[in-house]
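First comes the structure, then the notes that go with it.
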There are 2 protein chains.
Amino acid sequence: MKTELDSDRDFSQQIARTIRDAILGGDLPADGRLPSESDLAAQFNVSRPTVREALKRLAAQNLIRTQRGATGGAFVNRLGFDEAQEHLVTTATLLLSMNRVDFETACESRFALERACLPLACARRAPAHLAALHAEIARQGTEGLSDEDFCASDVAFHRALVDAAANPVLSWHLAGAVEAMQPLMNMITFTARSRARIVALHGALADAVAARDADAAGAAMDSLAAYTLELGGQIRARRARPAPDTAAG
Amino acid sequence: MKTELDSDRDFSQQIARTIRDAILGGDLPADGRLPSESDLAAQFNVSRPTVREALKRLAAQNLIRTQRGATGGAFVNRLGFDEAQEHLVTTATLLLSMNRVDFETACESRFALERACLPLACARRAPAHLAALHAEIARQGTEGLSDEDFCASDVAFHRALVDAAANPVLSWHLAGAVEAMQPLMNMITFTARSRARIVALHGALADAVAARDADAAGAAMDSLAAYTLELGGQIRARRARPAPDTAAG
DNA sequence: TCGTTTGCAATTGTCAGACAATTATCGGTC
DNA sequence: GACCGATAATTGTCTGACAATTGCAAACGA
């Protein structure tokens, strides 16, 4: 591992990058233990707090985990799908909120991606997947469900739909796309009428997937996308901001 | 902002989470300045190094940037697509490499997602997009191009294809999917014959997009996916590891 | 009056040493 | 042999200090 650092630069950043590259390059195997903070400080010729800052940077990226005690230390994290998903959602959420992405753009992106999962979902859906879909549909029909809970169930439904494709990488990508939309979806007020329509479309989707009918599923998804966009019009209307003419040129 | 911390827990992690939630919740506007490290230390009733560790965690997530000097401090980062993309690629790459994701699974995911962009790309492609596609196709036909450069051009081609959909969120997602595949693609040795076939398929894709023929583009993409999978067989054969029976159950 | 320069203050970056908390290991005792 | 305490290693945190950077304003000269 490199022990030379450019002066008049951020040491902890350089150290973090060096270790990160070592991990990505495979020099440090998963679950392998890094030298102790004192050793690293000696290697890089910096103080322990500086090393610690570098380690915290890596910990924030889920690249390492730390453990106290005699056999403790920093260990290379075997990045699981769950943690990576959390990370993806955070980044995606920020990206949408900070760049003032139109509801239309985010919506279009999300449904386009989700539509891509349907053929696979139809081909591979197992009974457990169908059960998950129906469970969420039932929940969405509950009386007195808050808008937030309805949204949460909606997200769960769509994630179950994607999971039916039985491709963890696909599920990971889509989880980011779907969950990042939740703050935007939460701005929508769902009337009883709109809920009923959404639940009906969800039912059509579930049925199509159960029947392994990719075309019908695609059609239902398109309807759902169109209706979601329609509902999203509320948001723009409420904000009363002029619509940018960048969309659908 | 909360100033209470659970004892016997990792302070810096709690502080980072608190500030992170404040940023995600919109309490801290983009480009807004956080209190100085000393002030934060006083607020949370911890020492400055602890606060610094928390800030480094946030900096690692591109949530804040720091600046030295009199008017310096920590500022909420306006997360741009570029930085978010870099982040996404890192996470995706790690996810693929550390979970020993099959080439087939990653490939399937990537092409499924990319296929979802084609209708939009056909609808919105502008002359600049077509020019970018043809430029990469021309580069891929160059004699004496190394495998790595061929791969890089392949990535550039597909990113240009996705960019033609004119949806930045979609481009962001796909950049992660496509670039994360590059290490896997680099394990393939491209013969002159296979290169010619890929270039031909790229040409078909570009022509279909130019003609706004989504069906033809989809067909070309399917062919490309199938052929890439075929080439990927090399990798599994070389590794000589028995294929896990988890795929396509 | 205007432009330049110099000093100051605020802030982050880094260091050194120390102590507390945690945990596995080793040795002793019953 | 089983149980228990001392021990050592390691991370987590604190205190205090100094260096580097940078904006700003006051002082100074033309």
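FYI, side chains are in, hydrogens and waters are out, and symmetry mates aren't considered; it's all heavy atoms of this structure. So you know, we letter chains A, B, ... as the sequences are listed, proteins then strands, and number each from 1.
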Regarding the side chain of B:R68, the nearest nucleotide among D:dC14, C:dT14, D:dT21 is D:dT21

Would one find a side-chain N or O of A:S36 under 4.0 angstrom from OP1 or OP2 of D:dA9?
no

A:E179 side chain reached by A:R159 side chain, heavy atoms, under 4.5 Å:
yes

Rounded to whole Å, CG of A:D10 lies from C1' of C:dC15 at a distance of 15 Å

Taking only the side-chain nitrogens and oxygens of B:T71, find out if one of them lies under 4.0 Å from OP1 or OP2 of D:dG23.
no

Residue met sooner reading DNA chain C from 5', once B:G72 and A:T50 are mapped to nucleotides:
B:G72

Evaluate side-chain contact (heavy atoms from CB on, under 4.5 Å) for A:N45 paired with A:F11, printing each intermediate quantity in order.
CA-CA 10 Å; A:N45 203 25; A:F11 285 168; over 6 Å; no

To the nearest angstrom, the CD-C1' distance between A:E53 and D:dT11 comes to 15 Å

Check the distance between D:dT11's P and B:F11's CZ and give it to me in whole angstrom.
19 Å

If you look at every heavy atom in B:A166 and B:R124, which pair is closest and at what distance?
O-NH1, 3.8 Å

Please report, rounded to the nearest Å, how far the P atom of D:dT22 is from the CZ atom of B:R33.
15 Å

Nucleotide of C:dT12, D:dG12, D:dT13 approaching B:E37 most closely (side-chain heavy atoms):
C:dT12

On a plain distance test, is the side chain of B:R48 in donor-acceptor contact with the base of C:dG13 below 3.5 Å?
yes

Starting at atom CG of A:D39, determine the distance to atom C1' of D:dT11, rounded to an integer number of angstrom.
13 Å

Rounded to whole Å, how long is the line connecting atom CZ of A:F44 with atom C1' of C:dC15?
17 Å

Output the rounded distance in Å from CG (B:L40) to P (D:dT13).
16 Å

Once you round it to whole Å, what is the distance between P of D:dG23 and CD of B:Q67?
7 Å

Please tell me if B:R52 has a side-chain N or O lying less than 4.0 Å from either OP1 or OP2 of C:dG13.
yes

OP1 or OP2 of D:dG12 sitting under 4.0 Å from any side-chain N/O of A:T66?
yes

Got a salt bridge between A:E136 and A:R139, using NZ or NE/NH1/NH2 to carboxylate O under 4.0 Å?
yes

Using a strict cut-off of less than 4.0 Å between a Lys/Arg side-chain nitrogen and an Asp/Glu carboxylate oxygen, indicate whether A:R110 and A:E114 qualify as a salt bridge.
yes

